[in-house]
Amino acid sequence: MIQTNTAIAVKGLKKSYKNLNVLKDIDFTVQKGSIFALLGSNGAGKTTTVKILTTLLLPDKGSPEICGFDVIRQPDQVREKISLTGQSTAVDPVLTGRENLRMIGKLRHLPDANRQADELLEQVQLLDAADQKVATYSGGMQRRLDLAMGLIGGPSVIFLDEPTTGLDPQSRKALWQIIKDLADSGITVFLTTQYLEEADQLADHIAILNDGEIIAEGTAAELKKLLPHGHIELKFSDEKELQLARNLLIQYNISLSKENPTMTITTDGSIQQMTAILSQLDHADITVTEFSQKKPTLEDVFLAMIDENHGEENALC
Amino acid sequence: MLTARVKNKISETMVLTRRSMRHSLNIDTLLTAIATPIMMMLMFVYVFGGAMDTGAIDHINYMVPGILLMGIVSGAIYTSVRVNNDMTSGIIDRFHSMPIARSSILTGHVMTSVVFNAFSTLLVLLVALFMGFRTDASITAWLLVIGILLLFTLAMTWVSAFFGLLANSVEGASAFSYPVIFLLFISSAFVPTDTMPGVVRAFAEFQPMTPLIETVRSLLMTESAGDSVLITILWWFGILIAFSIAAIQVYKRKT
Ligand SMILES: Nc1ncnc2c1ncn2[C@@H]1O[C@H](COP(=O)(O)OP(=O)(O)O)[C@@H](O)[C@H]1O
Ligand SMILES: [Mg+2]
């Protein structure tokens with residue numbers, strides 16, 4: 001049974017293209033009014049999942065439900081509830097921003113299509129450019145219009161497939177704010193991304209998709225606990241200092257590079273541990289000439305998760 | 001009474017036709033579909049006119065049917081470009097994830113082509129009249145000509161839509177226009193077939209452009225088109241049915 005607070009329910013979802021097994025057996029649920037991020041690198045199967053959920057593609061197995069409607073058997077009802085802002089921008093470059101929004105409003109048979117168009121233009125900060133041809137818009141502006149076109153008619157669930165890929169940092173931040181505001185207004189947001197930071201910033205719940213399987217799932221905080229330890233890199237004035245530091249920090253997991261001379265320390269990623277190391281060196285009068293912290297990347301998470309998966313498989317043998 | 005569903009479908013088709021119309025109103029399309037046939041007419045009549053022997057009828061009167069068809073082919077070709085642009089951009093996914101009739105997308109493009117070609121043909125015809133084209137055709141003959149040109153427009157539009165759906169790029173989509181224009185030149189559109197060498201002549205007399213040209217020309221000039229009306233309708237109705245079915249199949253397979 002689907003609970004009433006579930007917006008999207010996916011169970012045992014499978015899809016392959018010819019002999020390429022893209023989605024192996026996917027399960028997840030998305031709560032109403034939350035932001036759910038499907039995180040995965042290129043080719044992981046994100047777009048395939050989005051296409052199935054938005055009625056564009058039939059799965060081989062599993063019938064996902066959206067707002068209680070079956071995606072395969074009730075596509076028309078599902079389409080009434082959702083909107084899609086796909087991976088490639090779906091705006092009409094020949095029309096103006098305002099005309100694009102009005103067109104979608106009229107296709108949805110809204111009696112107040114024009115008013116909604118004006119409101120959305122304001123919401124995505126495009127009022128000034130509203131009557132210019134979309135072909136003249138920057139990438140960030142096109143993406144904001146694209147998002148607004150998905151909002152006209154007030155859908156319950158919106159799908160955003162890599163909404164910020166290819167945008168500059170400033171445009172990305174602007175789009176993040178709009179997405180956060182949406183979730184605050186009660187809309188359920190399903191987004192896909194390749195960036196850990198984006199999922200971290202936006203999502204209430206994150207699922208990591210790798211090679212067609214969900215290898216980890218949880219809140220950002222829960223996932224971070226699964227991250228491999230962070231690394232810090234310290235550079236010293238000469239090899240002697242490096243050796244002194246090595247002897248002082250004997251309790252840590254350290255690798256040395258004598259020519260540089262630098263050392264890399266594996267930490268638990270906490271700031272406390274980092275400052276403890278630096279103050280220990282400071283008290284011993286050892287000068288650190290350069291300091292850098294290596295944040296774990298999405299790839300690190302993948303590697304760690306994949307290692308873990310293999311570990312389990314090996315344990316069975 | 002129309003059901004709500006049918007009403008919605010009509011309004012969706014109208015919205016998408018308006019959109020497609022906007023795409024057709026650009027310099028490139030207008031130049032190719034309207035200015036080119038007019039330029040050709042000027043050239044054939046004033047430059048090559050003396051060199052071509054087209055029998056008893058006045059030179060311009062002989063040219064006009066071919067020029068009109070040329071204009072329709074040039075106008076209809078752009079359907080492939082517009083359809084292909086939609087298929088290769090994200091917009092088709094947006095439309096398909098919305099609760100609208102899927103048929104409204106292709107129908108919108110087809111309607112645009114018909115409306116656009118009706119206007120451009122009229123314009124070319126007006127220029128022809130200005131240049132001295134004259135006809136004594138009766139209302140019935142005119143109605144038949146309009147009907148046949150409409151059938152030809154629809155058929156060419158669906159041929160164009162088919163290639164637009166099939167191709168992976170805009171360049172590929174419009175490449176089909178070369179053999180079509182070639183067919184037009186190897187017909188009696190601009191020179192009588194009996195001036196052509198044997199094999200070419202046999203081909204010209206068999207292919208679907210020739211009965212079409214002959215029918216339109218006879219209806220406008222002599223009023224008695226005879227068998228060629230039926231042959232023309234059979235040819236082009238067949239092409240229309242075959243390509244619209246094929247186009248819809250490709251559309252379903254690709255989405
Ligand atoms: N229509 C298709 N036919 C064959 N293979 C496809 C098709 N669409 C996607 N794929 C393949 O499926 C895999 C997953 O693709 P996709 O879902 O687009 O990944 P993502 O969006 O995570 O980058 C990729 O290896 C891709 O090449
Ligand atoms: Mg993708």
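Here is how names work: the chains are called A, B, and so on, in the same order as the sequence lines, proteins then strands, and each is numbered from 1.
Between B:Phe185 and B:Phe190, the ring-plane angle classifies as tilted under the 30° and 60° cut-offs.
Applying the salt bridge (Lys or Arg N to Asp or Glu O under 4.0 Å) rule to A:Arg172 yields no partners; only residues at least two apart in sequence or on another chain are considered.
Of the two parts of A:Thr55, the backbone and the side chain both hold a non-hydrogen atom closer than 4.5 Å to a non-hydrogen atom of chain B. With a threshold of 4.5 angstrom between heavy atoms, A:Leu57 does not approach chain B through any atom at all. For A:Glu99, the part lying under 4.5 angstrom from a heavy atom of chain B is the side chain only.
Salt-bridge formation is not detected for the pair A:Asp92/B:Arg22: no Lys NZ or Arg NE/NH1/NH2 atom is positioned less than 4.0 Å from an Asp or Glu carboxylate oxygen.
Exactly one residue among A:Leu151, A:Leu160, A:Thr188 makes a side chain to side chain contact (heavy atoms under 4.5 Å, CB included) with A:Leu182. That residue is A:Leu151. Screening B:Phe162, B:Phe163, B:Trp158 against B:Phe176 for a ring-ring contact (aromatic ring centres under 6.0 Å, His included) leaves a single residue, B:Phe163.
When each of A:Lys51, A:Gln87, A:Met149 is scored by its heavy-atom pairs under 4.5 Å with chain B, the top score falls to A:Met149. Per-residue heavy-atom pair counts under 4.5 Å with chain B were compared for A:Arg108, A:Gln77, A:Arg79, and the maximum is reached by A:Arg79. The most heavy-atom pairs under 4.5 Å with chain B, out of A:Asp146, A:Ile82, A:Val78, come from A:Asp146. The greatest number of non-hydrogen atom pairs below 4.5 Å with chain B, out of A:Lys106, A:Glu80, A:Arg102, is found for A:Glu80. Note on A:Val91, A:Asp76, A:Leu84, A:Leu107: by heavy-atom pairs under 4.5 Å with chain B, the leading option is A:Leu107.
You'll find the side chain of A:Leu175 reaches within 4.5 Å of the side chain of A:Leu167, heavy atoms only.
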